[in-house]
Amino acid sequence: MLARKGLLPDGFLLTRLAEDQNQPNRIRSRSQRARFITKTGSCNVVHKNIMEQGRFLLDVFTTMVDLKWQHSLLIFTSAFLCSWMLFAMVWWLLAFAHGDLEPRDPDSGPGPVPCVTAIHSFTSAFLFSIEVQVTIGFGGRMVTEECPVAIIMLIIQNILGLIINAVMLGCVFMKTAQANRRAETLIFSRNAVIATRNGRPTFMFRVGDLRKSMIISATIQLQVIRRTVTAEGEVVPVCQLDIQVENPLRSNGIFLVSPLIISHTIDRGSPLYDLSAQSLATEDLEIIVILEGVVETTGITMQARTSYTPEEILWGRRFVSIITEEDARYCVDYSKFGNTVPVRMSSLSAKELDQSRGVQEGPSETQLQGWGLVRAGRGGFRRGGRTCEGSAPHPWYNQSAKQEKDVEQKGQNKKVQLEVIGRQLEEDGLGEMSD
């Protein structure tokens, strides 16, 4: 789509087609799976049997902005034509009631002063209505002081014409400045991948911005939509679960100055904890990606969306590097934006890997064997480092706590030693006194 719009070169489209051909064969169902969010970001939901259709008329402006362009242009043209025809009928009735349409003998003297000059038929009344509402004023027709009703109608038509102009122009401006237009230059990788990163299975995808203008306060959110069954047997067709984005800053904020690989570590608290290479093809889930931010040039909040189904998640592959340094600048090669390469990775799920490593399944995660606790953002933990046994490295945020604990323990040891020495001195003094 972006290549057709001229935003990306044709080579990018050809690369993506070659990428699709090089992907390994995957199990696909003949009937295409339904998805809530399409690859372009639109919601794939159809609303049926809405009984209260009048609620849409209570918010006419939003309804008109949400309409398609052909419908908006039809309403735009019809509003002006109807208003011109309506007031043309009013001007013709005023002229008819005042007797301005009666034929006069040109040889006779001047007749009575008409309400509106040069109105002889409905066509002339329609032309006068257009001149009044769009303030053209050719000079051939004008309102006289003979009819006060004509002056009142002139004021009413001018006010209504200004209201129609404001509403119609406002709708057109809002449609052209909608936030989803900015999302057209935000691209996501066609496929997501699951590969090993820092010793843990990680879900990853790539996002990039084609414009030089920045997205301020950009945040990214991941959700898993799957069908679940409760303990009581109730089937929940749409169960939404949040996925924590891997970010050392403990937030979902990103700085989208260049294409980024967004990752999520699959740990015990992840909805993908039981996902393996074999079960991936048969899973009924959809991972939704939501990117929000403020457009730097307009200050409008925008949102870009996409989703990944099991057929679009590649197991045991990672993205290639597309950023190089040339002439003291960083260059991004968008022709390799979605390219992936295979990596060596186990086909077991993260749960099975933890069980093979001897991770305890208890509710407490403070006694993990072989995997320590690493802060994953927003108060969550993930298994990422080794425990205190041996000389393995520890997370940077545990070092300060460990140092404080060591200092406190040394102080307690010194305090115990002083108390023991004090007791020995007292016993020695009492022994000497008794002697």
Side-chain angles (χ1 to χ4, degrees), residues 23-24 26 188-208 219-224 226 241-254 256 258-281 283 285-291 306-323 337-357 359 365 368 370-378 380-386 392-393 395-396:
Q23 299 299 346
R26 305 180 59 87
F188 299 88
S189 58
R190 184 184 300 273
N191 297 101
V193 298
I194 295 180
T196 303
R197 175 179 282 189
N198 297 325
R200 297 295 301 175
T202 305
F203 172 84
M204 294 175 287
F205 65 94
R206 180 173 275 167
V207 59
T219 59
I220 199 158
Q221 181 182 2
L222 299 181
Q223 284 189 350
V224 172
R226 66 197 315 172
L241 300 175
D242 289 335
I243 299 180
Q244 178 60 46
V245 177
E246 190 71 13
N247 193 338
L249 300 178
R250 305 179 186 179
S251 66
N252 291 340
I254 59 175
L256 198 59
S258 64
L260 299 177
I261 296 178
I262 308 300
S263 61
H264 161 68
T265 302
I266 303 177
D267 54 9
R268 186 178 299 178
S270 172
L272 308 178
Y273 189 54
D274 298 330
L275 193 64
S276 64
Q278 287 74 19
S279 64
L280 177 61
E283 282 286 340
L285 59 85
E286 180 180 356
I287 300 178
I288 296 177
V289 181
I290 302 175
L291 174 61
T306 189
S307 68
Y308 297 99
T309 57
E311 292 83 4
E312 298 166 349
I313 301 176
L314 308 179
W315 188 277
R317 302 183 73 90
R318 65 173 178 84
F319 291 102
V320 299
S321 178
I322 60 175
I323 300 178
F337 183 81
N339 292 3
T340 60
V341 293
V343 295
R344 182 178 298 179
M345 181 180 177
S346 174
S347 60
L348 301 178
S349 65
K351 182 178 180 180
E352 295 171 347
L353 290 175
D354 287 346
Q355 291 176 353
S356 63
R357 291 181 180 129
V359 177
E365 295 187 357
L368 296 177
W371 289 97
L373 292 179
V374 177
R375 180 74 66 175
R378 290 196 175 183
F381 292 89
R382 68 174 178 82
R383 291 172 295 280
R386 290 289 180 181
W396 61 270

State, without any angle test, whether Thr202 and Arg197 hold a side-chain donor-acceptor pair at a distance under 3.5 Å. no

Which atoms form the tightest heavy-atom contact between [X] and [Y], and what is the distance?
X	Y	result
Val343	Arg317	CG2-N, 3.9 Å
Trp315	Leu348	CZ2-O, 3.6 Å
Ser347	Ser276	O-CB, 3.5 Å
Val193	Phe319	CG2-CE1, 3.6 Å

Flag the pair [X] / [Y] as yes when at least one side-chain heavy-atom distance between them is below 4.5 Å, and no otherwise.
X	Y	answer
Asp354	Arg200	yes
Ser270	Thr265	no
Leu222	Val289	yes

Quick one: [atom1] on [X] to [atom2] on [Y], what's the gap to the nearest 0.5 Å?
X	Y	atom1	atom2	value
Asn339	Asn191	CG	CG	10.5 Å
Glu283	Ile313	CD	CD1	9.5 Å
Met345	Leu353	CE	CG	7.5 Å
Tyr273	Lys351	OH	NZ	7.0 Å
Arg190	Phe337	CZ	CZ	11.5 Å
Ser263	Arg206	OG	CZ	12.5 Å

With respect to Leu291, which candidate in Ile262, Leu256, Asn252, Thr219 satisfies the side-chain contact (heavy atoms from CB on, under 4.5 Å) definition? Leu256

Polar side-chain atom of Glu312 near backbone of Thr309 as donor-acceptor pair, under 3.5 Å: yes

Checking side chain to side chain contact (heavy atoms under 4.5 Å, CB included) for the pair Ile266/Ile194: CA distance, chi angles, key distance, verdict? CA-CA 9 Å; Ile266 303 177; Ile194 295 180; 4.3 Å; yes

Check the pair Ser307, Ile288 against side chain to side chain contact (heavy atoms under 4.5 Å, CB included), reporting the backbone distance first and the verdict last. CA-CA 4 Å; Ser307 68; Ile288 296 177; 4.2 Å; yes

Flag if over 12 foreign heavy atoms under 6.0 Å of CZ, Arg318: no

Take the angle between the ring planes of Phe188 and Phe205 and call it parallel below 30°, perpendicular above 60°, tilted in between. tilted

